[in-house]
Amino acid sequence: MTRVHNRVNFPEELAIRPLLPRDTYFICDLGNKQQLAFGAEAQREGIETYGIAGRVWEAAYLVTSYIDHPSTWEFDPPLIDEHLAAHKRVFLELGSGTGIVAAKLAQAVALSGRDLVIATDLPEVCPLLEKNLFVTPQGDSTNTQVTLVRPLSWGSYDHAIDIVRELKLVDDPSGHEHGCVTHIICSDLVYFPELLAPLLRTLLHLTSPPSISIFELQPRVIISYKIRSLSKETPFWSAFGLWFSFEPVIARRIDANSLSEWQRFGSDLGGDGDLAFIFVARRRPESLNWTIPSEDVDLLGGVGARGTCGKKSDETFETLLLMGLGE
C-alpha cells in the first residue's frame with residue numbers, strides 16, 4: 001500500500017502496534033467481518049498506510065461497550081434519551097479513524113430504520129473508513145443506508161457546514177423531520193496539544209447556528225477519553241468546560257436479587273495506570289451569545305467565554321479528579 005503522508009497521523013518516531021479487545025470490555029471478541037476490518041492484521045496494514053488513524057485505540061473499545069452492552073448493566077446517563085427514541089437520530093463521529101465506533105453505532109441504529117451514522121476524518125483517511133464500513137469480504141457494499149463517510153478536518157468551518165447543509169436537504173420518510181445532528185461522538189481525540197483548539201472549535205461549529213437552531217435540542221457530545229499526559233491535555237478541558245457542561249458516565253450491574261453501587265464507567269485500559277472516562281456534555285445555552293475567538297491560543301485561554309475578553313478557565317475536570325471519580 002502507498003503510505004498516506006501526513007504529519008498529524010505520522011508523528012516523529014511513530015512506533016505503535018495493533019490493539020485488540022481485552023477481557024475488561026463487554027465486547028471481547030470481534031466477529032468475522034469486524035475481524036477483517038479491525039483485527040490485528042487489518043490494523044497493521046492500516047498503521048502502515050494511515051499512521052495513528054489506522055489503529056484502534058483504547059477509548060474506542062470503551063465507548064463501543066457503552067453503545068452495545070449486556071442487559072445486566074445500567075448507565076447514567078444512557079447513550080440514548082428515552083424521549084428521543086421516537087425521533088430521527090443522527091450520530092456524527094469526529095476523528096473516526098478505522099471506523100470501529102461508527103460500525104458499532106451502525107449496527108445499533110440500523111434496527112430503527114430511520115437513524116443515521118456519519119463517520120468523519122481527514123480527507124486522506126476517508127478511504128480507510130469507506131473500506132472498513134462499506135465493503136464486505138465478498139466485495140459487496142453494506143451499511144450504505146445508515147452510514148455516511150464525510151471529510152471533516154478539525155477547525156474547518158466549511159467541512160462542518162457542508163455536512164450540516166447536506167443533512168438539512170435529506171428527506172425524512174415521515175415527511176416532517178429533517179436531519180440534524182443529535183449526538184457527536186469523540187473517541188481518544190484529546191492528545192496532541194496542537195489539535196486541542198481545532199477540536200474544540202469544531203465542537204463549537206457543530207453546536208452553534210446554523211448547525212443547530214434555537215428550536216432544536218442541543219446535540220449530546222460523548223467523549224471517550226484516556227488520560228495520557230495531564231499537563232498536555234488539561235488545557236482542553238479547562239477551555240471545554242467554559243462552553244460545555246459535562247459529567248462522567250456511571251454504571252452499575254443489575255441482577256435478579258440486587259443492584260450494585262454506581263461507579264464511574266472506565267478503567268485502567270492499557271494496564272499502565274492511566275485512567276479513562278466517558279464524558280457526556282451539552283453546550284451551555286448562554287454560550288450561544290458569546291463570541292468565539294479566531295485565534296487558537298485565545299480559544300484555549302478562555303477568551304470570549306462568559307462574554308468577556310479576559311483569559312479564564314473552567315475547573316470541572318480538575319474537580320472530578322479531586323473528588324476521586326478517577327479511582
Side-chain angles (χ1 to χ4, degrees), residues 1-11 13-69 91-110 117-153 185-189 191-192 224 226 228 269-272 276:
M1 291 187 176
T2 301
R3 171 175 289 192
V4 176
H5 291 282
N6 182 280
R7 70 177 186 86
V8 173
N9 284 323
F10 286 94
E13 300 181 359
L14 177 65
I16 56 176
R17 296 181 297 176
L19 179 71
L20 298 179
R22 298 169 55 220
D23 292 340
T24 52
Y25 308 116
F26 298 137
I27 306 170
C28 296
D29 296 307
L30 297 173
N32 291 337
K33 180 188 172 185
Q34 289 195 339
Q35 189 70 41
L36 288 172
F38 311 116
E41 184 58 33
Q43 288 187 50
R44 274 191 286 270
E45 292 182 3
I47 292 167
E48 174 65 24
T49 307
Y50 298 95
I52 63 175
R55 183 189 195 244
V56 178
W57 295 86
E58 289 88 347
Y61 289 123
L62 183 65
V63 77
T64 56
S65 297
Y66 184 43
I67 296 166
D68 183 18
H69 56 83
F91 300 82
L92 187 150
E93 186 188 10
L94 299 178
S96 298
T98 64
I100 190 171
V101 175
K104 182 54 65 177
L105 279 169
Q107 282 184 348
V109 306
V117 176
I118 306 174
T120 73
D121 212 305
L122 293 169
E124 56 266 35
V125 178
C126 287
L128 175 64
L129 286 170
E130 291 169 348
K131 172 189 173 186
N132 288 347
L133 295 176
F134 297 151
V135 180
T136 69
Q138 293 75 32
D140 302 323
S141 294
T142 185
N143 280 338
T144 55
Q145 297 301 311
V146 296
T147 309
L148 300 176
V149 171
R150 295 293 182 267
L152 204 171
S153 302
I185 313 295
C186 306
S187 173
D188 247 332
L189 304 186
Y191 47 93
F192 290 146
S224 187
K226 177 181 177 179
R228 290 184 171 84
L269 295 183
D272 50 13

Results of side chain to side chain donor-acceptor pair (under 3.5 Å) for S224 - residues two or more places apart only: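 Listed in chain order: nothing, the list is empty.
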
With sequence neighbours excluded, tell me which residues meet side chain to side chain donor-acceptor pair (under 3.5 Å) with R150.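 Checked R150 against side chain to side chain donor-acceptor pair (under 3.5 Å); matches are E166.
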
Which heavy atom in [X] sits nearest to a heavy atom in [Y], and how many Å separate them?
X	Y	result
S96	L129	CB-CD2, 3.6 Å
A106	T147	CB-OG1, 3.5 Å
P18	I47	N-CD1, 4.0 Å
L94	C186	CD1-SG, 4.0 Å
L128	A53	CD2-O, 3.8 Å
I67	A108	CG2-CB, 4.2 Å

Step by step, work out the side-chain contact (heavy atoms from CB on, under 4.5 Å) result for I16 and W57. CA-CA 10 Å; I16 56 176; W57 295 86; 4.0 Å; yes

Atom [atom1] in [X], atom [atom2] in [Y]: separation rounded to 0.5 Å?
X	Y	atom1	atom2	result
R44	T49	CZ	OG1	13.5 Å
L122	Y50	CG	OH	12.0 Å
N132	T98	CG	OG1	6.0 Å
I118	E93	CD1	CD	11.5 Å
L152	L92	CG	CG	6.5 Å
N9	E124	CG	CD	7.0 Å

Test item: Q43 side-chain N/O and L19 main-chain N/O as donor-acceptor pair under 3.5 Å: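 Present.
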
Kindly say whether G46 contributes a backbone atom to a donor-acceptor pair with the side chain of R55 at under 3.5 angstrom?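 No: the side chain of R55 does not pair with the backbone of G46.
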
D188: partners by salt bridge (charged side-chain N to carboxylate O under 4.0 Å, His left out), with sequence neighbours left out: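 Scan of D188 (salt bridge (charged side-chain N to carboxylate O under 4.0 Å, His left out), adjacent residues dropped) gives R228.
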
Could you walk me through whether V149 and L133 pass the side-chain contact (heavy atoms from CB on, under 4.5 Å) test, one step at a time? CA-CA 9 Å; V149 171; L133 295 176; 4.0 Å; yes

Residues which pass side-chain contact (heavy atoms from CB on, under 4.5 Å) with P123, listed by chain and number, not counting sequence neighbours: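 side-chain contact (heavy atoms from CB on, under 4.5 Å) check on P123 returns P151, S153, H159.
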
Report the residues that fulfil side-chain contact (heavy atoms from CB on, under 4.5 Å) with A60, sequence neighbours left out, ordered by chain and then residue number.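 Partners of A60 under the side-chain contact (heavy atoms from CB on, under 4.5 Å) test: V56, I100, V101, S187.
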
Test side-chain contact (heavy atoms from CB on, under 4.5 Å) on F192 and I52 and set out the steps. CA-CA 12 Å; F192 290 146; I52 63 175; 3.8 Å; yes

